[in-house]
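Report on the structure given below.
Along the sequence shown, residues carry numbers from 1. Note: hydrogens, waters and symmetry copies are ignored here, and every other heavy atom, side chains too, is used.
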Amino acid sequence: MNRLRPFALCALALVLSGSLATAQPAQRITPNFKDADITQVAEAVAAATGKNFIIDPRVRAQVTMLSSTAMTPEAFYEAFLSILQVYGFIALPQGNVVKIMPDTSAKTSPSIDLPDHVSATSDEIVTQVLDVKNVSAAQLVPILRPMVPQYGSLVAYAAGNILVITDHASNVNRMIRIIRRIDQVGNQDPEIVPLQNASAAEIVRVVNSLYQGAAAEGSIVKVVADERSNTVLISGQEAQRLRIRALIAHLDTPLGGGGDTRVRYLHYANAEKLAPKLKEQITGIAQAAGPGGASPAAANPQLAAEKNAMVWADPQNNALVITAPPKIMHAVMDIIDKLDIRRPQVLVEAIIADIDFDKDAELGVNWAAFINGSNVPAGAFVSPVGGTSIVDLAGVVASPASVSTTLLQGTTLGIGRVGGSNGTNFAAVLRAIRADTDDNVIATPSAVTMDNQEAELKVAQEVPFITGQYTANNTAVVGGAVNPFQTIQREEVGTILKITPTISPEGTAVLLKISIESSTIGQKPAGAVDLVTNKRTVSTTVMIDDGGIVVLGGLTEDNTTKGENRVPFLGQIPIIGYLFKTRNESNTKNNLMIFLRPKILRDAAQAAYETDLKYNYMLDEQKKIEKMGSHEAVPLLPGVSRGAMPPLPPGGSAQGEKKPVTAAPAGAPTTPGTPVPDTPAANPADQPPRP
């Protein structure tokens, strides 16, 4: 059982008895409790102060309170309130009664509402309404919320800019002092600074960049741009405003070039192509700045200047001449900075491998027998072998002037008796022909082009093809001379490469729109009236990694054809049947593959490196040819030297005089000893390029 210590009870009883008997205000109390029930402490407080307490059944606690000095009944009551706060209880006065209940009921239970003075030391529950004058009450809630316990309340009324706080009086007093410190009256009226030469947006960007760390150091200055009126609005402390006004006055000076006209030299873009696009952009900016018509422009000089802005190109210097107010001038310059950049290039190397084998063989026997003095044959087996039969050979014998080279192809062996006066004339020929054709075409076209720019490489001959012909007799001329007429169309035969590369945003792959055509003049087959061309064409769009190799397409064909002409039954007799038949066989193999490899040339170093590789390759090939010609014992043109490519200048290719670099650029194959030039530095934006 919890009990009061004997001496504490005696002292308290004596003091209480004296208080009840005389009711003198100067009495003092020295309470000492150890592990006492909180209801017993409430009884002592009620006896000392004369207050009436109603204790909630949920109020249960064993408390300890030690005091070495005497205190007044009011101080004793304040100490009792502190005990209640420590143990999670509150005292809510209502008339002559004080309710003691858990602090969870503080939000919904009535308390001391709107006291004239909030004590800084009291632990009684109070509700206070604060009128915030200069700052937003809603913005103060996140700041003050951590200071209010869970059972307290903090609410903002945005319409009246009011805070309502329910908590212990000491904590409410602390928050009131914090709010008054924050709610200071300052010079909040913004200051408007009109600009004459500079752009408001650009000035604000420069000032904010300069003072970007000022907010962390306690500065509350704020700078905002009004692009419509080209003015700058400043708010904050007077000292900081003064510094910013001085800075703006220094920046708002006329351009060194004079007025609102600037000449911008381009390094990579085309001035003639860029000028029309900039005109459209300037027109769009001027239309977006305000409504059309003469009245708004006349009322607003700034709007009139924007509508009168202009830009034109100077092709000789590849420069743009721009006249515009500062806002449009800066917008146009930003666009030019983004467009006038060094775009990466793409080197596309293709390999067209065409390997063809064409083999033909024919073998056959022709024979004929004629009765002497008669044109009626007694018997014959006539079948052309290699386009020629025994009848054609007999015509050649009868008329040697009509001999044709096509009749004498292959090997012909003949035997017989022709022109005899008696008996039967006969003749027999054995013809054999074999034709082998091997084609090995390896074409390696390559082209360098800009990103999103089409390139075409054409290495071809214009071959004439007869498309029509006729012969007319000119009767007006004596003797009726013949006037032949032919129509000829020329077609390109060779290698034609068309590419349009698009580099991916990551810069690791290339989207290629490609068209490759490889054509050659083929062997003229029997019966052809004109030249024959072999054509291979591929048109496609592929995605290839930088430096990767991909096969675009191919063809592998193996065609075998066998034929036989024979006399029925007789041609099937073993051995003897060869006298009554002819045979032909052909075999054609076509192997065609097309490979492609793109390389992204991001800077001058990579472009120079690839140029050096190709240049050195051509020098090596030229040296091989010179070495072969040096073995001639008797040169046909003594003293005449072949044309030779000059060696590369020390330090690199035609990119200019550079220092030799032994390391290859990123992504390029390394070749020991190959010099690579440095990347040239870009010229300043507003300076003409040096020759």
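Judged purely by atom type and a 3.5 angstrom limit, Arg245 has no side-chain atom pairing as donor or acceptor with the backbone of Ile234. At least one donor-acceptor pair closer than 3.5 Å links the side chain of Ser504 to the backbone N or O of Ala509. Judged purely by atom type and a 3.5 angstrom limit, Asp546 has no side-chain atom pairing as donor or acceptor with the backbone of Thr508. Between the side chain of Asp340 and the backbone N or O of His267, at least one donor-acceptor pair lies under 3.5 Å. Of the possible donor and acceptor atoms, none in the side chain of Asn171 sits under 3.5 Å from a partner among the backbone N and O of Asp167. Put simply, the side chain of Gln40 never gets that close to the backbone of Ala36: no donor and acceptor are under 3.5 Å apart. When atom types are taken as modelled, the side chain of Thr127 and the backbone of Thr166 share no donor-acceptor pair closer than 3.5 angstrom. Of the possible donor and acceptor atoms, none in the side chain of Asp183 sits under 3.5 Å from a partner among the backbone N and O of Val132.
Ile178 places none of its side-chain heavy atoms less than 4.5 Å from the side chain of Ile143. Within the 4.5 Å cutoff, side-chain heavy atoms of Met329 are placed close to those of Ile322. A heavy-atom distance below 4.5 Å is found between the side chains of Ile248 and Leu195. Ile100 places none of its side-chain heavy atoms less than 4.5 Å from the side chain of Ile54. The shortest distance between side-chain heavy atoms of Phe80 and Val41 falls below 4.5 Å. Ile336 has its side chain within reach of Leu266: a pair of non-hydrogen atoms, C-beta onward, lies under 4.5 Å apart. Side-chain contact check for Arg241 versus Ser235: some heavy-atom pair is nearer than 4.5 Å. No side-chain heavy atom of Val311 sits under 4.5 Å from any side-chain heavy atom of Thr323.
Listed by first and then second residue, the salt bridge (Lys or Arg N to Asp or Glu O under 4.0 Å) pairs that reach into residues 197-207 are Glu202-Arg205, sequence neighbours excluded.
Every residue two or more places apart in sequence or in another chain that forms a side-chain contact (heavy atoms from CB on, under 4.5 Å) with Asp226 is listed here: Arg228, Ser229, Thr231, Leu233. For Arg180, there are no side-chain hydrogen bond (donor to acceptor under 3.5 Å, both in side chains) partners, not counting sequence neighbours. The side-chain contact (heavy atoms from CB on, under 4.5 Å) check on Tyr87 picks up Ala61, Val63, Ile83, Phe89, with sequence neighbours excluded. Looking at residues two or more places apart in sequence or on another chain, you find no ring-ring contact (aromatic ring centres under 6.0 Å, His included) involving Tyr77. Taking the side-chain hydrogen bond (donor to acceptor under 3.5 Å, both in side chains) definition, one finds that Glu43 meets it with nothing, sequence neighbours left out. In terms of the side-chain hydrogen bond (donor to acceptor under 3.5 Å, both in side chains) criterion, Ser136 has no residue partners (sequence neighbours excluded). Partners of Arg60 under the side-chain hydrogen bond (donor to acceptor under 3.5 Å, both in side chains) rule, at least two apart in sequence or in another chain, do not exist in this structure. Shown here are the side-chain contact (heavy atoms from CB on, under 4.5 Å) partners of Asp56, two or more places apart in sequence or in another chain: Arg58, Val59, Met101, Pro102. Taking Asp451 as the reference, nothing meets the salt bridge (Lys or Arg N to Asp or Glu O under 4.0 Å) condition, with sequence neighbours excluded. The side-chain contact (heavy atoms from CB on, under 4.5 Å) test applied to Ile549 returns Phe595, Arg597, not counting sequence neighbours.
Heavy atoms only, all atoms of each residue included: Pro598 and Asp545 are closest at CG-O, 4.0 Å. Contact detail for Leu154 and Leu144: the closest heavy-atom pair is CD2-CB, 3.5 Å. For the residue pair Pro73 and Ala48, the shortest heavy atom distance occurs at CB-O, 3.5 Å. Contact between Pro142 and Ala138 at its shortest, heavy atoms only, is CD-O, 3.2 Å. The minimum heavy-atom distance between Ala91 and Leu84, with the atom names listed, is CB-CD1, 3.8 Å.
In this structure, Ile165 CD1 and Arg174 CZ are separated by 10.5 Å, a value rounded to the nearest 0.5 Å. Put simply, CD1 on Ile203 and CD1 on Ile244 are 12.0 Å apart, with the number rounded to the nearest 0.5 Å. Expressed to the nearest 0.5 Å, how far CE of Met175 lies from CE of Met147 amounts to 8.0 Å. The distance from atom CG of Leu130 to atom CG of Asn161, rounded to the nearest 0.5 Å, is 11.0 Å. Note that CE of Met65 is 16.0 Å distant from NZ of Lys34, once rounded to the nearest 0.5 Å. Asn452 CG to Thr502 OG1: the interatomic distance, rounded to the nearest 0.5 Å, is 4.0 Å.
Using the six-membered ring where Trp is involved, Phe76 and Phe33 have ring planes that are parallel, under 30° apart on the 30 and 60° scheme.
A 6.0 Å sphere centred on CD of Gln139 holds no more than 12 heavy atoms belonging to other residues, nucleotides or ligands. By the 6.0 Å contact criterion, CD1 on Ile162 is enclosed, its count of non-hydrogen atoms from other residues, nucleotides or ligands being greater than 12.
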Task: Residue pair Ile282, Val332: steps toward the side-chain contact (heavy atoms from CB on, under 4.5 Å) verdict - done: CA-CA 8 Å; Ile282 291 176; Val332 172; 3.7 Å; yes
Open item on the list: Apply side-chain contact (heavy atoms from CB on, under 4.5 Å) to residues Ile600 and Ile503 and explain how you reach the verdict.
Closed with: CA-CA 8 Å; Ile600 301 176; Ile503 302 175; 3.8 Å; yes
Task: Pair Leu163-Val155, side-chain contact (heavy atoms from CB on, under 4.5 Å): steps then yes or no - done: CA-CA 6 Å; Leu163 285 176; Val155 181; over 6 Å; no
Open item on the list: Let's go through His168 and Val172 carefully: what are the C-alpha distance in whole Å and the side-chain angles of both, what is the deciding distance for side-chain contact (heavy atoms from CB on, under 4.5 Å) to 0.1 Å, and is it a yes or a no?
Closed with: CA-CA 6 Å; His168 292 278; Val172 172; over 6 Å; no
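For the residue pair Ser67/Thr30, the side-chain donor-acceptor check at 3.5 Å is not satisfied.
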